[in-house]
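Scroll down for the structure; my scribbles are underneath it.
Everything quoted here is computed from the prediction, not taken from an experiment.
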Amino acid sequence: QVQLVESGGGLVQAGGSLRFSCAASGRTNSRYVMAWFRQTPGNEREFVAAISRSGGSTNYADSVKGRFTISRDNAKNTVYLQMNSLEPEDTAVYFCAAAARLTVGVLTTTIEDYDYWGQGTQVTVSS
């Protein structure tokens, strides 16, 4: 089992930046592919970014590519999401997720393949 706790959400103006952290407790998070998803009211949770167990590979949704950067520090059991050039369309609740199965890789973007989820943190980008 692993518990995920996100931090770093808030209110920011368009063009600004935020950085999320997701701290994992329980079993070490180096066992897991880690990802960020986001969700807006009335919509399904959508993939944002993922990072491999070693941190050597990443994958991004087209909507955030070039603006967001996912990274991890396995020594600290923490994964990060640096969000730059934020747009009002980025307003959502952001969730950290962990995938335990070895068949899941960084290219996996489906919710069902992730086993553990954080509680979510709100980001509001004002225009």
Side-chain angles (χ1 to χ4, degrees):
Q1 281 282 359
V2 63
Q3 293 77 43
L4 304 175
V5 178
E6 303 104 335
S7 61
L11 174 64
V12 65
Q13 288 189 332
S17 298
L18 281 174
R19 189 191 195 207
F20 286 146
S21 297
C22 174
S25 60
R27 301 180 73 179
T28 175
N29 79 338
S30 63
R31 298 171 179 262
Y32 306 99
V33 169
M34 301 296 294
W36 290 93
F37 287 75
R38 65 187 182 186
Q39 189 171 21
T40 54
N43 293 309
E44 290 189 354
R45 201 166 293 187
E46 66 173 6
F47 172 80
V48 174
I51 189 166
S52 64
R53 291 171 179 82
S54 68
S57 297
T58 57
N59 183 31
Y60 296 93
D62 287 343
S63 60
V64 306
K65 202 170 293 184
R67 300 188 298 122
F68 291 11
T69 302
I70 188 171
S71 61
R72 68 191 297 164
D73 184 338
N74 286 341
K76 296 181 179 179
N77 288 337
T78 302
V79 64
Y80 305 96
L81 185 68
Q82 177 68 43
M83 303 185 293
N84 298 329
S85 302
L86 282 161
E87 303 168 353
E89 292 73 22
D90 296 317
T91 296
V93 177
Y94 285 72
F95 296 88
C96 177
R101 283 160 281 178
L102 295 179
T103 54
V104 175
V106 72
L107 297 180
T108 300
T109 61
T110 53
I111 298 169
E112 292 75 16
D113 285 320
Y114 287 85
D115 304 291
Y116 304 104
W117 293 86
Q119 80 284 358
T121 185
Q122 175 72 46
V123 169
T124 302
V125 183
S126 63
S127 57

Is the backbone of [Y] close enough, under 3.5 Å, to the side chain of [X] for a donor and an acceptor to pair up by distance?
X: Arg67; Y: Ser85; answer: yes
X: Tyr114; Y: Thr108; answer: yes
X: Glu6; Y: Cys22; answer: no

Check: [Y] and [X] side chains under 4.5 Å, non-hydrogen atoms:
X: Phe95; Y: Val48; result: no
X: Thr91; Y: Gln122; result: yes
X: Cys96; Y: Val79; result: yes
X: Glu44; Y: Gln39; result: no
X: Ser17; Y: Gln82; result: yes

Distance, nearest 0.5 Å, that separates [atom1] of [X] from [atom2] of [Y]:
X: Ser126; Y: Leu86; atom1: OG; atom2: CG; value: 10.0 Å
X: Arg72; Y: Asn74; atom1: CZ; atom2: CG; value: 4.5 Å
X: Arg31; Y: Leu102; atom1: CZ; atom2: CG; value: 10.0 Å
X: Thr124; Y: Gln13; atom1: OG1; atom2: CD; value: 13.0 Å
X: Gln3; Y: Gln119; atom1: CD; atom2: CD; value: 12.0 Å
X: Thr110; Y: Arg45; atom1: OG1; atom2: CZ; value: 13.0 Å

Mind checking ring-ring contact (aromatic ring centres under 6.0 Å, His included) for [X] and listing every partner two or more places apart, or none if nothing turns up?
X: Phe68; value: none
X: Phe20; value: Trp36, Tyr94
X: Tyr60; value: none

request  = Following the transitive rule for hydrophobic clusters with a side-chain heavy-atom cut-off under 4.5 Å over Ile, Leu, Val, Met, Phe, Trp and Tyr, establish whether Trp117 and Val104 coincide in one cluster.
outcome  =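 Cluster IDs for Trp117 and Val104 differ.
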message = Run Lys76 and Ser21 through side chain to side chain contact (heavy atoms under 4.5 Å, CB included) and show every step you take.
response = CA-CA 11 Å; Lys76 296 181 179 179; Ser21 297; over 6 Å; no
ask   = Restricting to pairs with a member in residues 110-127, which pass salt bridge (charged side-chain N to carboxylate O under 4.0 Å, His left out), not counting sequence neighbours?
value =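 Every salt bridge (charged side-chain N to carboxylate O under 4.0 Å, His left out) pair that includes a residue of residues 110-127, provided the two are not neighbours, is Arg101-Asp115.
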query = In the hydrophobic cluster built from side-chain contacts under 4.5 Å, what are the other members alongside Leu107?
reply =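 Besides Leu107, the cluster holds Val106.
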request  = Go through the steps to decide whether Val123 and Asp90 satisfy the test side chain to side chain contact (heavy atoms under 4.5 Å, CB included), and finish with yes or no.
outcome  = CA-CA 8 Å; Val123 169; Asp90 296 317; 5.5 Å; no
task = Can you sort out the partners of Glu89 under salt bridge (Lys or Arg N to Asp or Glu O under 4.0 Å), two or more places apart, ordered by chain and number?
result =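 For Glu89, no residue satisfies salt bridge (Lys or Arg N to Asp or Glu O under 4.0 Å) once neighbours in sequence are set aside.
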ask   = side chain to side chain contact (heavy atoms under 4.5 Å, CB included) between Val64 and Glu87: does it pass, once the steps are laid out?
value = CA-CA 10 Å; Val64 306; Glu87 303 168 353; over 6 Å; no
task = Determine, using ring centers only, whether Phe47 and Phe37 are less than 6.0 Å apart.
result =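 Here the rings of Phe47 and Phe37 have centres that are less than 6.0 Å from each other.
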query = Does Arg53 make a cation-pi contact with Tyr32 (under 6.0 Å, within 45 degrees of the axis)?
reply =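 Arg53 over Tyr32 ring: no.
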query = Only one of Thr58, Thr69, Leu81, Asn59 forms a side chain to side chain contact (heavy atoms under 4.5 Å, CB included) with Ile51, so which one is it?
reply =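 Going through the options one by one, the only one that passes is Thr58.
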